[in-house]
Amino acid sequence: MSAPVTDEISAQLPDGSTRTLPRGASALDLAKTIGARLAKAAVAAEVDGQLVDLTRPLADGAAVRIITANTPEGRDVLRHSTAHVMAQAVCSLWPGARYAIGPAINDGFYYDFELPGGVHFHDEDLARIEAEMRRIIAASQPFAREEHGIAEGLELFADQPFKREIIEQVASAAAGAAKVDAELSAETSSDPAVVTIYRNSDAFVDLCRGPHVPSTDRLGHFKLLRVAGAYWRGDEKRPQLQRIYGTAWESDDELKSYLHRMQEAERRDHRRLGAELDLFSFPEEIGSGLAVFHPKGGLIRRLMEDYSRERHAAAGYEFVYTPHVTKADLFEVSGHLDWYADGMFPPMELDGGQRYYVKPMNCPFHILIYKSRQRSYRELPLRLFEFGSVYRYELSGAIHGLTRVRGLTMDDAHIFCAREQMAGELEQLLRFVLDLLSDFGLADFYLELSTRPEGKSVGTDEEWAEATAALDSVGRQMGLELVLDEGGGAFYGPKISVQARDAIGRSWQMSTIQVDFQLPQRFGLSYVGADNGRHQPIMIHRALFGSVERFLAVLVEHYAGAFPTWLAPVQVKVLPVRDDHLAYAEEVAAELKRQGRRVEVDPAAEPLGARVRRGRLEKVPYLLVVGDDDVTSGTIGVNARGAESPERNVALADFAERLAAEVAAHGAPEAVPER
RNA sequence: GCCCGGGUAGCUCAGUGGCAGAGCAGCGCACUCGUAAUGCGCAGGUCGUGGGUUCAAAUCCCACCUCGGGCUCCA
């Protein structure tokens, strides 16, 4: 009793309507019946919840969604297809090249290669590869999907060891041997017994789950960006491959806009602005990853630290100071030497063989303060805070400006509390964190919960579960997006971290909060409870800025160097129009300084235009121009940073009041000027 | 740590085997100006460091330091 075979099928659209199509019709045919523009913008289809090629014949009754190039899924398809074209181009330019993995990533794609004879790509090769890619695109090659068995697949990729390894691994995973990496899943069919490939031409075949655009003529708005080394399968013990990164978009406008965003990020680079604004430097004489702060950078840093201290005092923290070096024993007890010895500066041998380490963490020192005498439950929670400078031997290749250094200062505190106080303390803490970050102008947050790292941790399952649940519950209460970072915790406990998005939408990990049952145990911490019995406290490790250096770097990039007035090293510059206005300019400056403002006078040795330009390049919030009119009537001309045009004849007292209010308002984000 | 590419004046960079250069910044003098670069002059360099090749090295070779882009790592 089978249904009668007809020549027609029906397809259901996302809006619930259905269309009738001839049997054998594809999603592309469907798109054409809807409109020529849709058919042109389409790059793939979602059929019954699965992404497939546009050209695949539809089953009767299928639910079909046409994926256009300007959607996240559509861009992934474009980028993945562009990666294939790049691999084809590389193989045609370097016969015998082996290609490994080439996925779509955020804003682009990459592909990893091994070139014959150990040859490496050079920057100049990118232009050649791009030219070859444009030739392939112009040839309108179809992406033809084929399915093969495992043995056939291995045969097809006889000269491609990386592809064979992927096929073999997926096949053995299917046999129950192992889990397939997420990384490989895009390369392989959803059915492990089937090897899916895409054939672009006789010369090029790639292993791939798809979907792909129907033909290379759908591509073209791309650019190759850089070459880099990358370990095969991300494993430093495996061969290092040559990776080419590129970006691809659905239109030239989108491509240009992306490249513009990249330029904008470069313009904000704290390493560049740090030198231009004379904030800090990395003298080679000192060593890699070790910064010095110049007066202006030092001033910003002091303002950040002073404000943080004020807030911490108000939040019930007590301030402590601890040394920079310690006997090895302390880090043996804490466990740091077991887990992180490679990341520590090597020990100094002193006093007949006694080993001393420069500290990479402050926690054991704060623990010793806790341990210095017997503690009562009445003292808890005990919150010990320190701007603690620590030194970590970061790998030379990991060092990056102020964001990854070998010497840094943490706004570090450890909260010792009773187990039953933990939840309340965490909640109060997270509110405190978000509030403090907001005062620095960061307002767009999400949270990340990092759980137990498998095989790299200590403690019982119960402790981990309890700590993780506490963090999870507090995170949920904040009403913020909470994402899971599986296995990202420290060896002694899970953590929740606050991620902040900056002015151009990049996210930075800022604060971290960690619950720790282990160190109190290792150090044998206790307090006397109301029941007169001994109890073990738990510890909460937390850093809000993370590292002061890194936080400053984030602020530089967030504000593009144009710090809000309360943090600006120079808040006001007074520019006399001529030398004979200098005395009045000095008076204006003196009055503002008396009110606590940071003011400089730039005398008339150069034309006014040149001094205004310099003030703007220095991103000073207010440039005050004073000339004849102002001297006679006690006014100033106010040139506010980012303002369209200057204000003339402003009464000094009015301006001073406005400035005082702005400084008091702290982190209210203001318009960031373009130059 | 690994792969690739850099390191020349305070900064940005030119200079591919034969005299060490430019612009900006700095200093001096002149200019005295109402909102994004006034003019002239002067000074400034162990060409990252060490070794090698050569009649001759910024330039070619080796090692190291350091910076950048990635990978790995990030308590």
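Each chain gets a letter, A, B and so on, in the order its sequence line appears, and its residues count up from 1.
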Is any N or O donor-acceptor pair between the side chain of [X] and the base of [N] shorter than 3.5 Å?
X	N	result
Asp628(A)	G34(B)	no
Arg578(A)	C33(B)	no
Gln240(A)	C2(B)	yes
Tyr393(A)	G1(B)	no
Arg238(A)	C2(B)	no

Practice item. Would you mind telling me which residue lines up with the more 5' stretch of RNA chain B, Gly401(A) or Tyr492(A), judged by nearest nucleotide? Key: Gly401(A)
Does [N] have a Watson-Crick or wobble mate here (both distances under 3.5 Å), and if so which one?
N	value
C2(B)	G70(B)
A58(B)	none
U32(B)	none
C24(B)	G10(B)
U16(B)	none
C47(B)	none
A75(B)	none

Name the nucleic acid region contacted by [X], choosing base, sugar-phosphate or nothing; use a 4.0 angstrom heavy-atom cut-off, strictly under.
X	answer
Ala610(A)	sugar-phosphate
Arg648(A)	base
Gly615(A)	nothing
Asp630(A)	base
Lys359(A)	nothing
Gly609(A)	sugar-phosphate
Phe282(A)	nothing
Asp342(A)	nothing
Glu606(A)	base
Lys573(A)	nothing
Ala490(A)	sugar-phosphate
Arg611(A)	nothing

Check your understanding: Between the main-chain N or O of Gly487(A) and the side-chain N or O of Thr451(A), is there a donor-acceptor pair closer than 3.5 Å?
Key -> yes
Practice item. Examine distances only and state if a side-chain atom of Arg392(A) and a backbone atom of Gly343(A) form a donor-acceptor pair shorter than 3.5 Å. Key: no
Give a yes/no verdict on a cation-pi contact between [X] and [Y], requiring under 6.0 Å between NZ or CZ and the six-membered ring centre and an angle within 45° of the axis.
X	Y	value
Arg79(A)	Phe109(A)	no
Lys359(A)	Phe365(A)	yes
Arg128(A)	Trp94(A)	yes

[X] side chain N/O closer than 4.0 Å to the phosphate oxygens (OP1, OP2) of [N]?
X	N	result
Ser396(A)	U66(B)	no
Tyr622(A)	U35(B)	no
Lys456(A)	C74(B)	yes
His400(A)	G69(B)	yes
Arg226(A)	G70(B)	yes
His541(A)	A75(B)	no
Lys495(A)	A75(B)	yes
His120(A)	C3(B)	no

Review point. Would Phe345(A) and Tyr393(A) count as a close aromatic pair, with their ring centres under 6.0 Å?
Key: yes
Check your understanding: Using the benzene-type ring in the case of Trp, are the ring centres of Tyr492(A) and His541(A) under 6.0 Å apart?
Key -> yes
**Study point:** Euclidean distance for P, A25(B) against G39(B) (whole angstrom)
**Key:** 10 Å
Review point. How far, in whole Å, is G50(B) from U66(B) if one measures between their C1' atoms?
Key: 15 Å
Set out, line by line, the N/O atom pairs under 3.5 Å between protein and nucleotides 7-13 of chain B.
none

**Study point:** Nearest-neighbour nucleotide for the Glu394(A) side chain, C73(B), C67(B), U38(B) considered
**Key:** C73(B)
Presence of salt bridge, [Y] and [X], under 4.0 angstrom:
X	Y	answer
Arg238(A)	Glu165(A)	yes
Asp412(A)	Arg542(A)	no
Glu394(A)	Arg404(A)	yes

